Amino acid sequence: MDVFVVERFLVGWSATEVDALIGRLEEAAPKLAELGVSHVESIYIPDDETCLSLFVGPNADAVRSANEECDLPTGRTLGAITHASRT
């Protein structure tokens, strides 16, 4: 399994709407798992009105399709390399 980032452009979204999106991601976990995808975490960047959601899955198409199947907004889906802090 590889790591992917789904870039979500949330222009004009309120904090409440962003919180609801994160809740929907958590609720979608069983369905995502059925589709071979796992949501790891999301980071919202208010100044850029962008949410970056990290997933593990077989390929970018599977991650994108799983998000669409769960009716989650998607932008670009990109392969990623993660590095944990050593502190």
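This is a predicted model, so every value here is computed, not measured.
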Hey, any chance [X] and [Y] share a hydrophobic cluster, counting ILVMFWY side chains that come within less than 4.5 Å of each other, even indirectly?
X	Y	answer
I45	L54	yes
L78	I43	no
L72	V6	yes
V5	Y44	no

**OP:** For D19, check side chain to side chain contact (heavy atoms under 4.5 Å, CB included) against everything at least two apart and list the hits.
**Re:**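 Applying side chain to side chain contact (heavy atoms under 4.5 Å, CB included) to D19 gives none.
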
**OP:** Using the test side chain to side chain contact (heavy atoms under 4.5 Å, CB included), find all partners of E68 that sit at least two apart in sequence or belong to another chain.
**Re:** R64, T74

Original post:
Out of curiosity, F4 CZ to D61 CG, how far, rounded to the nearest 0.5 Å?
Top reply: 9.0 Å

Original post:
In Å, rounded to the nearest 0.5 Å, how long is the span from CG of L25 to OG of S53?
Top reply: 5.0 Å

Original post:
Passes side-chain contact (heavy atoms from CB on, under 4.5 Å), V56 versus D2? Steps please.
Top reply: CA-CA 6 Å; V56 174; D2 292 317; over 6 Å; no

Subject >> Sub-4.5 Å side-chain heavy-atom contact between F55 and T77 >> reply: no

**OP:** Would you mind reporting whether P73 and R24 have side-chain heavy atoms less than 4.5 Å apart?
**Re:**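 Yes. Closest side-chain heavy atoms under 4.5 Å.
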
Original post:
Which atoms form the tightest heavy-atom contact between S42 and I22, and what is the distance?
Top reply: CB-CD1, 3.7 Å

**OP:** Give the minimum heavy-atom separation between V63 and G57, together with the two atoms involved.
**Re:**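 The answer is CG2-CA, 4.2 Å.
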
Do [X] side-chain atoms and [Y] backbone N/O form a donor-acceptor pair below 3.5 Å?
X	Y	answer
E49	G12	yes
D48	T50	no
E17	S14	yes
R8	C51	no

